[in-house]
Every structure is written in C-alpha cells, then in structure tokens.
Amino acid sequence: MHAYRTHMCGELRKTHVGQEVKLSGWISRVRDHGGVLFIDLRDKTGVTQCVVEENSPLLAEIEKWRVESVITIEGKASARTAETVNPKMPTGDIEIVIGKAVLQSAADVIPFQVAEDDGAGEDIRLRYRYLDLRREKMQRNITLRNGVIRSLRARMHEQDFQEFQTPILTASSPEGARDYLVPSRLHPGKFYALPQAPQQFKQLLMVGGFDRYFQIAPCFRDEDGRADRLAEFYQLDVEMSFVTQEDVFATMTPVVKGVFEEFADFTGAKRKVEWLPNLDYKTAMRKYGTDKPDLRNPLEIVDVTEVFARDDVEFKAFKGTIEKGGVVRAIRAPKVSAQPRSFFDKLNSWAQGEGAPGLGYILFEGTEGKGPIAKFVPAAAQEQLKKIAGLEDGDAIFFVCNKESEAAKFAGKARDKICDDMGNREKDVYKFCWIVDFPMYEFDEKAQKIDFSHNPFSMPQGGLEALEKQDPVTIDAFQYDCVCNGFEIASGAIRNHKPEIMEKAFAIAGYEKSVLEAKFGGMLNAFRYGAPPHGGCAFGIDRLVMLLADEPNLREVYAFVMNGQYEDQMMQAPSDASEQQLKDLHLKLAMPRTS
RNA sequence: GCGGGUGUAGCUCAGCUGGUUAGAGCGCCGCCCUGUCACGGCGGAGGCCGCGGGUUCAAGUCCCGUCACUCGCGCCA
C-alpha cells in the first residue's frame with residue numbers, strides 16, 4: 001500500500017465499501033462523543049468522515065489531535081447505516097473505520113477558522129495566507145483562475161498565436177505609471193525597470209516577423225492601490241501583424257466571450273454573456289458619463305442645456321454656469337412617482353457628499369412638474385424636457401450642471417447611483433462592448449499643453465495628413481478598450497509603425513525628435529528596417545477572474561498577494577536591505593524626514 | 001500626498017446621554033457524553049478597549065495627535 005494514500009478524500013462512494021483504503025489530509029472538523037469520535041478528513045477533492053469506534057485503543061491518542069493537523073489514516077470503507085447517511089456530502093454514503101492513524105504534522109491553535117467562514121479580516125487572512133488558501137472559497141477561486149488561464153491559452157493557440165516570454169529586467173519607460181526600479185550591481189548608479197507591460201517587446205516581435213504574439217504577462221506599476229488595482233498583475237497580452245482594428249476585435253471577441261461562457265455559472269447562478277455593438281468614446285461619455293459604462297444599467301444621460309438656456313427659464317444656478325460655457329446633463333428615472341420623498345432626499349445628500357451642490361430634479365406626475373426646481377421651469381420648457389428625454393407620466397428627471405467634462409463625469413456617477421437606488425441594474429449577465437475612437441490628444445490643464453491622452457504608440461486616424469491638418473484635440477486614434485459590467489478589462493490599439501508619423505505625433509505633444517530617439521530609439525530604429533502594420537491589446541486577467549468569481553476585490557483571486565499598501569505581511573516585503581547589499585549595489589539611503 | 005470608515009478576548013462583534021467588577025458567539029483548555037456531520041452538556045482560562053497626550057471626581061465612551069487596516073480622490077500613457 002502507498003505510504004500516504006490510496007484514494008483522495010472526495011473520491012469514495014458506495015462502490016468502495018469493503019475496501020481497505022488509506023487517506024491523507026487535514027483534520028477539518030472533529031466530533032468527539034466520548035466513546036466514539038468522528039474526524040472529517042479533507043484534501044482538495046473533498047471531505048470524508050472517518051470514525052474511531054468505541055473501545056478503540058487509538059481513541060486516547062487521536063482525541064488530542066487538533067483541527068488542521070495533517071494525518072494519514074488506514075481502514076475499511078464502510079457503508080453508513082440508513083439513519084447516518086449524510087445526503088449533503090458526496091461521500092456521505094460511506095465512512096472509514098480507522099484501524100491505523102499517523103499524525104504527520106500537528107497544527108497549533110489556528111488564528112481563524114478554516115472549515116467555516118468566521119469573517120476573519122483581510123490583514124490576518126493575508127498574514128496566514130496558507131491557511132486561508134485551505135478554505136473552500138479560496139480553493140474554488142484559485143482553481144477558477146487556473147481554468148481561465150488554461151482556457152485562454154488554448155483559445156489563443158487554436159488561433160495560431162505563439163506564446164513568448166519577454167524580459168523582466170528591462171529599461172524604464174518615460175510615459176505612464178512610475179516604474180519599479182532594480183539597481184544594477186555591475187553598473188554603478190544604473191537601474192533596470194520592471195515592465196509596466198511588454199509593449200515595446202511585443203511590437204518588436206511583430207517587426208521580427210512572428211505575426212501573432214501572446215503572453216500571460218506579469219506587469220508592474222508603482223502607483224497607489226485600489227480594490228481593482230495591484231502593484232503586480234497579469235495581462236493576456238496580444239499583438240498581431242497586418243491587421244485592422246476590426247481584425248483584432250474579430251479575433252479576441254470569441255476568445256473572451258468563449259471563456260466567459262465556459263465559466264459563467266461558476267458562482268452557481270446561470271449568467272448570460274452578451275456582446276453589444278461597439279461604442280465610440282464620445283457617445284459613451286455623453287450617454288453614460290464614463291469610458292467604461294456598465295451597460296447593465298438601463299439609464300442614459302441626455303443633454304438639456306438648451307432648455308435651461310431658454311429666456312423663460314429662471315434657474316439662476318444653472319444659467320450662470322451655462323453662460324460660462326457649462327452644460328446641463330440629465331438622467332431620466334422612469335416610474336419613480338411612487339418613491340417616497342426620502343428617495344429624492346437621499347440622492348440629494350449623496351450628491352452633496354460627492355462635492356456637488358445637490359441633485360436637482362423634476363418629477364412629472366399628472367399635469368405639472370413637481371420638485372424644488374419645477375417652479376423655475378415654465379410649462380413650455382417642461383414640454384421640451386419631456387421631448388428631449390422621452391419622459392412619461394410618473395418619471396423624474398435629474399440634473400447635473402457644470403463644465404462639460406465635470407458634468408459628464410458626475411452625471412455618470414449619478415446614473416449608477418440612481419440605478420442602484422431604484423434596484424434597476426440587470427442581474428446575472430455579463431455585458432461586453434468595445435469602446436472605440438479614443439482621442440489621440442487632450443489638453444492637459446495642469447501643464448497647459450497638448451499631450452497624448454492614451455498610448456503614444458497608437459496610430460492616429462487619418463495618418464500623417466490628420467496630424468498636419470487637423471486641430472490635434474479633434475484627432476481620434478485607433479485606440480480602443482474592452483469593457484464589461486463597468487470594468488475596463490482590456491485596452492489596445494493599432495500601432496503607429498511609421499517613424500515619420502511618430503515624429504510628427506510626438507512633435508504635436510511637444511517632444512523633440514531627440515527625446516523620441518533617446519526614449520524609443522530602439523523601437524524607432526526597428527521601424528526603419530521594414531515594420532509590418534500591427535496592433536493588439538491586453539486583457540487584465542485578474543479582472544476577468546474577479547468578474548467570473550463575482551468578487552469585489554482582486555486580492556480574492558490571487559494565491560499570494562500584497563495588501564492595499566503593497567506590503568506582504570507574510571513574507572515581510574518590502575524589507576530593509578543589509579549594509580552589504582547596499583554596498584554591493586552602490587546605494588546610500590536618503591530617508592524622508594520623520595518630523 | 002488628501003479624505004471617509006474601522007480599531008474592545010485567538011476570530012467576529014456588542015458595549016446607550018462618560019459612572020462601580022468590560023460582555024456575547026465561535027475558537028481554546030478541563031470534565032462528561034456510543035452515531036454525529038455547525039454534535040451536545042457542565043466548568044474554566046483568556047483584555048495595555050491600537051498607541052500617546054488632554055478634559056473630568058470619573059474615559060472603552062469626549063477632545064487632540066499618532067499608528068495600523070480598509071474604501072475612495074490624486075495618481076494609474
């Protein structure tokens with residue numbers, strides 16, 4: 001017989017009755033009845049009940065073993081009597097009558113419960129992650145992660161993509177997030193950077209003629225964390241040669257849609273997967289107030305500036321803003337006349353909490369509009385509102401007034417808040433779409449200059465001609481995102497593979513040719529030796545898994561992960577470097593002043 | 001860097017307008033229990049009430065500071 005086991009703990013059924021078996025695993029629960037004792041023995045496949053029978057000489061010893069100790073037991077798989085069968089367990093028809101038992105590794109008293117969710121906080125779960133990982137939910141989430149990655153790989157290989165590894169110790173990139181730096185011992189004063197993404201390498205692989213690249217790529221960004229953002233994370237990184245934007249969508253949509261359909265019922269609920277038509281950036285911002293709209297929310301935003309600009313409308317608070325170039329955005333909330341006054345008051349105080357003066361509204365019930373703003377809007381103007389927003393009797397309309405970008409953004413937040421307060425968000429569905437036509441440039445208010453709004457390597461729509469003739473802020477790029485249920489799950493672009501367009505593109509953003517050469521000389525040179533038109537995208541794998549697992553937090557889908565301050569309390573990272581290490585690296589610390 | 005929330009037993013939390021000896025559930029330890037499967041019964045241990053300062057006759061409770069965790073803003077091409 002094998003030293004540790006003949007079967008797994010979730011494996012045994014009625015058909016095994018009578019067999020001598022050996023199981024190894026963790027003591028999940030113990031029920032000690034004095035004379036007879038039950039142990040629920042657990043491994044990754046499940047739980048089997050093991051019994052120490054009355055008068056067993058083993059009882060005195062086994063009684064002392066604590067839960068989460070690792071043991072090996074040997075005994076006969078026996079049928080349970082009719083009264084003692086447990087239909088809730090897959091192995092509930094049988095139990096093992098323990099004949100021999102070995103304590104392989106005793107467990108101290110555990111800091112939180114493993115067999116059940118005792119609500120232990122995240123910090124302690126992370127400190128004892130190996131215990132947390134034994135819990136059913138983490139076993140399931142991590143297994144889901146494995147399934148998703150395996151499925152993504154298979155789907156990419158099926159479409160003739162080749163998988164690559166690219167350098168982890170690489171060069172700092174001047175755009176984007178802060179880099180993690182690694183000091184060089186051999187080159188005093190010089191540093192490697194960990195990649196924020198393998199952007200340039202994947203483009204160089206296209207220049208290298210590999211045609212279709214993918215990688216489950218680790219990415220590193222030294223910016224503050226969020227529930228959906230980590231210092232290190234993984235992307236399904238993709239690049240393709242001789243493609244248009246439509247080719248990228250046609251290739252990647254079935255990959256992601258397929259994976260979601262494969263794992264959509266992970267949480268137990270049947271979930272639909274819907275892929276909606278592409279949405280251009282400007283429309284998304286106007287209708288949803290964000291470039292990553294949650295399309296499960298049926299509410300839409302309309303522009304009603306013209307109504308509040310009318311001479312017969314007296315609402316000064318909005319008028320003043322409109323005269324300064326502001327806009328009024330409105331959200332129709334259908335059939336809310338039965339809502340109590342507190343529904344509207346709560347939304348108003350929510351808006352104030354968000355830093356807005358409030359959230360004005362008009363409720364249409366019967367012949368005239370009601371609400372605090374209604375008296376400033378005469379009947380004719382109310383009719384115009386109804387027409388623009390498609391209002392029906394019983395509907396309310398909420399108003400946001402500000403500079404255009406601020407109004408759009410806040411209306412977007414209000415749209416989500418109103419939807420949730422109404423209980424209107426669709427359930428059990430993943431709604432995807434591609435957001436297209438992102439602007440190439442934007443005006444940076446702080447620096448008072450034109451700058452790239454996204455990826456400087458994106459191809460401007462209209463090419464060199466557009467760069468030469470168009471107002472920069474009106475130029476769109478072949479730059480796109482993929483959005484699901486309010487999360488940006490991918491970002492990508494058709495790249496700019498022509499050095500002369502790149503020079504012009506950087507010049508518009510105020511970068512000298514020398515800067516371009518210094519920072520991107522390697523790639524720019526590559527483009528001078530025959531570069532295929534190419535493009536791609538990168539999906540945030542952790543966010544995909546998070547959506548499928550229905551977790552609110554990325555940390556729930558990683559086996560090992562740092563906390564919100566990017567510290568690993570289990571491994572003690574980051575930690576001090578020794579004098580010798582610093583000396584080897586030619587580093588001296590200049591600590592911040594602690595006042 | 002900034003703002004909100006939280007911090008009381010190993011874990012999760014209660015503790016009212018400040019008032020005597022700070023509680024509960026789970027866990028832990030001991031005893032009892034022959035069939036449970038969240039086993040049950042009895043008993044017990046365990047607290048710098050995050051830390052420092054202040055107000056007060058009196059502080060877990062109020063004030064100031066600080067630290068930790070968490071969510072968000074900034075940031076994240």
Side-chain angles (χ1 to χ4, degrees), chain A residues 28-42 47-56 59 63-64 66-68 78 80-89 91-92 95 97 107-128 131-132 173-179 196-197 199-200 219-231 233 353-355 409 413 438-442 444 446 451-458 477 479 488 491-493 505-506 509 511 519-520 538 540 552-553 555 563-565 567 569 592 594-595:
Chain A
S28 192
R29 282 202 166 90
V30 177
R31 291 175 295 282
D32 187 349
H33 289 249
V36 63
L37 179 146
F38 300 96
I39 288 174
D40 287 342
L41 193 65
R42 183 194 71 234
V47 171
T48 298
Q49 173 165 286
C50 307
V51 192
V52 181
E53 290 197 306
E54 54 180 314
N55 303 323
S56 167
L59 184 66
E63 259 184 335
K64 290 186 252 170
R66 269 196 289 260
V67 290
E68 297 309 315
S78 311
R80 297 205 203 177
T81 62
E83 316 83 74
T84 61
V85 161
N86 185 348
K88 283 184 282 185
M89 295 170 72
T91 61
E95 63 193 4
V97 179
D108 282 346
V109 174
I110 48 178
F112 52 82
Q113 295 310 296
V114 168
E116 63 191 286
D117 182 1
D118 64 357
E122 191 171 54
D123 50 341
I124 194 160
R125 288 176 53 210
L126 290 178
R127 196 149 60 239
Y128 299 92
L131 289 179
D132 189 40
S173 112
E175 300 291 326
R178 262 188 295 275
D179 288 312
Q196 295 180 25
Q199 181 65 34
Q200 295 190 58
C219 304
F220 306 87
R221 294 180 189 176
D222 186 8
E223 297 290 350
D224 288 3
R226 288 288 184 280
D228 63 349
R229 232 162 60 194
L230 294 170
F233 57 98
E354 295 283 319
K409 216 171 138 187
K413 280 187 180 179
F438 276 80
M440 183 81 188
Y441 298 102
E442 65 192 3
D444 183 338
K446 249 189 294 178
D451 207 347
F452 294 110
S453 70
H454 266 72
N455 189 326
F457 307 127
S458 299
Q479 164 81 43
E488 177 196 316
S491 190
F506 274 76
Y511 298 101
K519 300 297 185 186
F520 306 108
N553 188 318
R555 294 186 283 271
N563 67 15
Q565 273 68 242
E567 291 167 314
Q569 305 267 21
T594 49
S595 51

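Residue numbering restarts at 1 for every chain, and letters A, B, ... go by the order of the sequence lines. Model, not experiment: these values are computed from the prediction.
Contact annotation for A:Val52: no contact, since no heavy-atom pair falls under 4.0 Å across all strands. Among the protein residues, A:Glu83 comes within range of no part of the nucleic acid, since none of its heavy atoms lies under 4.0 Å from any strand. Nucleic acid contact for A:Arg80: base, since at least one base atom lies under 4.0 Å from a heavy atom of the residue. Within the 4.0 angstrom heavy-atom criterion, no nucleotide atom of any strand lies near A:Gly92. The residue A:Gly119 sits close only to the backbone: its heavy atoms come under 4.0 Å of sugar-phosphate atoms, none of a base. Within 4.0 Å of A:Thr81, counting heavy atoms only, lies no atom of the nucleic acid at all. Residue-level contact check: A:Glu567 touches the backbone only, with heavy atoms under 4.0 Å from sugar-phosphate atoms and none from bases.
Summarising the geometry, the separation between CD1 on A:Ile124 and P on B:rA9 is reported as 11 Å, rounded to the nearest angstrom. To the nearest angstrom, P of B:rU70 lies 9 Å from CG of A:Asn553. Separating the CD atom of A:Gln49 from the C1' atom of B:rC39 is a distance of 11 Å, rounded to the nearest angstrom. Whole-Å rounding puts the A:Gln569 CD to B:rC67 P distance at 16 Å. Counting to the nearest Å, the C1' atom of B:rU12 and the CZ atom of A:Arg125 are 13 Å from each other. Between the CG atom of A:Asp32 and the C1' atom of B:rG41 there is a distance of 13 Å, rounded to whole Å. Rounded to an integer number of Å, the gap from A:Asn55 CG to B:rG35 C1' is 15 Å. Between the CG atom of A:Asp224 and the P atom of B:rG72 there is a distance of 12 Å, given to the nearest Å.
Going from the P atom of B:rG46 to that of B:rG30 covers 16 Å, rounded to whole Å. B:rC11 and B:rC69: their P atoms are spaced 15 Å apart (whole Å). Rounded to whole Å, the C1' atom of B:rC13 lies 15 Å from the corresponding atom of B:rG47.
Note on ring orientation: taking the six-membered ring where Trp is involved, the planes of A:Phe112 and A:Tyr128 are perpendicular (angle over 60°, cut-offs 30° and 60°). Classification of the A:His33-A:Phe38 ring pair by plane angle, with boundaries at 30° and 60°, yields perpendicular.
Nearest to the side chain of A:Glu95, among B:rG35, B:rA38, B:rC75, sits B:rG35. Taking only side-chain atoms of A:Asn563, from C-beta outward, the nucleotide of B:rU70, B:rC11, B:rC75 with the closest atom is B:rU70. The side chain of A:Glu53 sits closest to B:rG35 out of B:rC75, B:rG35, B:rU70.
Both key distances under 3.5 Å define a Watson-Crick or G-U pair, and stretches of 3 or more such consecutive pairs in RNA chain B run B:1-7 with B:67-73, B:10-13 with B:23-26, B:28-32 with B:40-44, B:50-54 with B:62-66.
In this pair, A:His33 does not lay its aromatic ring on the base of B:rU36; centres under 5.5 Å and planes under 30 degrees do not both hold. By the 5.5 angstrom centroid cut-off and the 30-degree plane limit, A:Phe38 is classified as stacked against the base of B:rU36.
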Could you go through nucleotides 26-29 of chain B and list every protein N or O atom that sits under 3.5 Å from one of its N or O atoms, giving the distance for each pair?
{"unit_1": "B:rC29", "atom_1": "OP1", "unit_2": "A:Arg66", "atom_2": "NH1", "d": "3.0"}

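A close approach under 4.0 Å does not occur between any side-chain nitrogen or oxygen of A:Asn86 and OP1 or OP2 of B:rU36.
Ion pairing between a basic and an acidic side chain is recognised when a charged N comes within 4.0 Å of a carboxylate O; A:Arg229 and A:Asp224 show no such pairing.
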